[in-house]
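Reviewing the structure listed below.
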Number of protein chains: 2
Amino acid sequence: MAADDSSPDECSPDECSPILVALVDDYDVVLAGVARMLDPFRDRILIAEIDANEPVKDEVDIVLYDSFGQPESDHDEIAVLVRNPRARRVVVYTWNFHRELVENARELGACGYLSKALPAEDLVAALEAVHAGEIVVSDPPPRAVSAPGLDWPGRTEGLSDREAEVLALITQGFSNADVARLAFLSPNTVKSYVRTVYRKIGVESRTKAVLWGLDHGFRPDHRRIEHWRGGP
Amino acid sequence: MAADDSSPDECSPDECSPILVALVDDYDVVLAGVARMLDPFRDRILIAEIDANEPVKDEVDIVLYDSFGQPESDHDEIAVLVRNPRARRVVVYTWNFHRELVENARELGACGYLSKALPAEDLVAALEAVHAGEIVVSDPPPRAVSAPGLDWPGRTEGLSDREAEVLALITQGFSNADVARLAFLSPNTVKSYVRTVYRKIGVESRTKAVLWGLDHGFRPDHRRIEHWRGGP
DNA sequence: GAGAACTACCCACCTAGGGGTGTAGTCGTC
DNA sequence: GACGACTACACCCCTAGGTGGGTAGTTCTC
């Protein structure tokens, strides 16, 4: 596990600048939701630019990597973020607390593994602890659930966050078996979610579900992670 | 069948302006191909603006409606074009010469039903005949084939025109049975085409074929027909 | 004229996907 | 506390989709 090799100067909260946090995910609405939820705490946490057209130019204290809709490549993406010197620390923000995911993230050098179920106040405190040099892994939530205030594609159209994640993966071309493996669900569970999603969005085939998704914010935007990877 | 109620003044070819033709289809590359094929005949046929962002502002002599990748709604689209007073005559440009399609087009008021297998010279002559007031239905081609010089999405990636049409319909969410019905093919034939398309574009599932298509020019652009329908 | 590619289609077989129905625990709202 | 929605999952059944292998005629290229 990569050691923290530079801890911030100790100082009173009044004197410290807020922690600069960059958000990384492939879905604008997800990032906007996280930014909005953290905005009341802007005296403690400052969100770096989230415009996908713009690389985050300066060094940031923490990169908060949201795993919504990510396929297996998020292992790779965590590594990309950890390797980038502009990211002093990397924190994973997720529902998936499967033991091997947590272990793998830590092995790659993530300093935090935080649950999306955490209320905003607790998330801020956890980020502060990471900033102070701790390795923080929050308690696994009993089930996938998002904190009030978070957002995801399809939420205004009535999709729950888990349903949206299943649709996000389907929209990237994954089979039901793939989705089950990636989301740590049973194939039967995935089929149940698929059925519910189809009913809510009013389609009767996978292809139409994909087309609906692409028109409703489910097209992943890889530009942010590409900026961190060193691309254009 | 709508009668032609205003024939052009008779004059020698040297004196006449070229015939103004507007092209309508949902695929840029298809229209660009037709325009390019007809360009050598610009003294006889002038192509109106084909930019999808711009409505065709002036009245045109002929609207040439290319049926590539169109689902059943092309019946509706022919009607839209025939009703629009800026289109003096409507001609359908297609491989599908199924009797009921030809009859339906004529009933809707189309003045021409021309094969995409026609060499450029013959197409120009046919358009001139339509312009002169004739109803022209070319001989049905023995099989679906495009004249040299035409273009379609996926052609540079090795897809034949028929394969491309099958992918175009799949990319709009149609089932194999739908595609068979729309393209007047057997369901077995559609499955054979699907297999060949998957092999050529290197995918193994329908969803991935659709995603490939959307990234390779198969996203239909409905703006042109919407301009003719009276929309923005 | 041979060969390749295309159009068009068939048949058999298997699996992924989809629909129906159900259970069970948790959580938020009224 | 009732109720609805959610997460999570099971089982059965059916069909669409996909794969393999094949035929046959046409057309273009070399």
Side-chain angles (χ1 to χ4, degrees), chain A residues 95-98 115-117 119 140-150 152 154-155 158-167 169-170 173-181 183-201 203-210, chain B residues 95-98 115-117 119 140-150 152 154-155 158-167 169-170 173-181 183-201 203-210:
Chain A
W95 308 300
N96 287 328
F97 274 71
H98 202 276
S115 169
K116 292 170 69 120
R143 65 185 212 168
V145 67
S146 296
L150 287 181
W152 53 86
R155 192 185 61 78
L159 297 181
S160 68
D161 37 21
R162 207 39 148 164
E163 289 163 352
E165 174 148 77
V166 168
L167 182 56
L169 292 169
I170 286 175
F174 293 106
S175 67
N176 287 346
D178 290 332
V179 174
R181 185 170 47 77
F184 287 85
L185 295 170
S186 151
N188 288 315
T189 302
V190 173
K191 287 169 74 172
S192 295
Y193 278 123
V194 165
R195 179 145 39 106
T196 306
V197 167
Y198 287 13
R199 181 176 56 75
K200 286 185 172 180
I201 66 179
V203 303
E204 294 179 4
S205 75
R206 202 179 197 81
T207 304
K208 294 198 172 180
V210 168
Chain B
W95 307 301
N96 288 328
F97 274 71
H98 202 278
S115 169
K116 293 173 66 123
R143 63 185 215 168
V145 66
S146 296
L150 286 181
W152 54 85
R155 192 186 60 78
L159 296 181
S160 69
D161 35 21
R162 206 41 148 166
E163 289 163 352
E165 174 149 77
V166 167
L167 181 56
L169 292 170
I170 285 177
F174 292 105
S175 66
N176 288 345
D178 292 333
V179 175
R181 183 170 48 78
F184 287 83
L185 294 170
S186 151
N188 288 314
T189 301
V190 173
K191 288 166 75 169
S192 295
Y193 277 124
V194 166
R195 183 163 22 139
T196 306
V197 167
Y198 286 13
R199 182 176 56 73
K200 285 184 174 182
I201 67 178
V203 303
E204 293 180 3
S205 75
R206 200 178 200 82
T207 304
K208 294 199 173 180
V210 168

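Labels below follow one simple rule: chain letters A, B, ... track the order of the sequence lines, proteins then strands, and each chain is numbered from 1.
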Nearest 0.5 Å, what's the [atom1]-[atom2] distance between [X] and [Y]?
{"X": "B:I170", "Y": "B:R206", "atom1": "CD1", "atom2": "CZ", "answer": "4.5 Å"}
{"X": "A:L167", "Y": "A:Y198", "atom1": "CG", "atom2": "OH", "answer": "8.5 Å"}
{"X": "B:T196", "Y": "B:R162", "atom1": "OG1", "atom2": "CZ", "answer": "13.5 Å"}
{"X": "A:H98", "Y": "A:F184", "atom1": "NE2", "atom2": "CZ", "answer": "5.0 Å"}

Is a side-chain donor or acceptor of [X] paired with a backbone partner of [Y] at a separation under 3.5 angstrom?
{"X": "B:W152", "Y": "B:L159", "value": "yes"}
{"X": "B:K116", "Y": "B:S146", "value": "no"}
{"X": "A:K208", "Y": "A:V203", "value": "no"}
{"X": "A:T189", "Y": "A:L185", "value": "no"}

Below 4.0 angstrom, which residues in residues 203-210 of chain A have at least one non-hydrogen atom near DNA chain D?
none
Please report the closest heavy-atom contact between B:A183 and B:N96, naming both atoms and the distance.
O-OD1, 3.6 Å
Any chance you could list the contact pattern along nucleotides 2-13 of chain C? Use B for base contacts, S for sugar-phosphate-only contacts and - for none, protein heavy atoms under 4.0 Å, 5' to 3'.
----BSSBBB--
What's the verdict on side chain to side chain contact (heavy atoms under 4.5 Å, CB included) for A:D178 and A:L169, showing C-alpha distance, side-chain angles and the deciding distance?
CA-CA 9 Å; A:D178 290 332; A:L169 292 169; over 6 Å; no
Where chain A begins and ends its contact with DNA chain D, read 5' to 3' at 4.0 Å from heavy atoms
D:dC6 to D:dC11
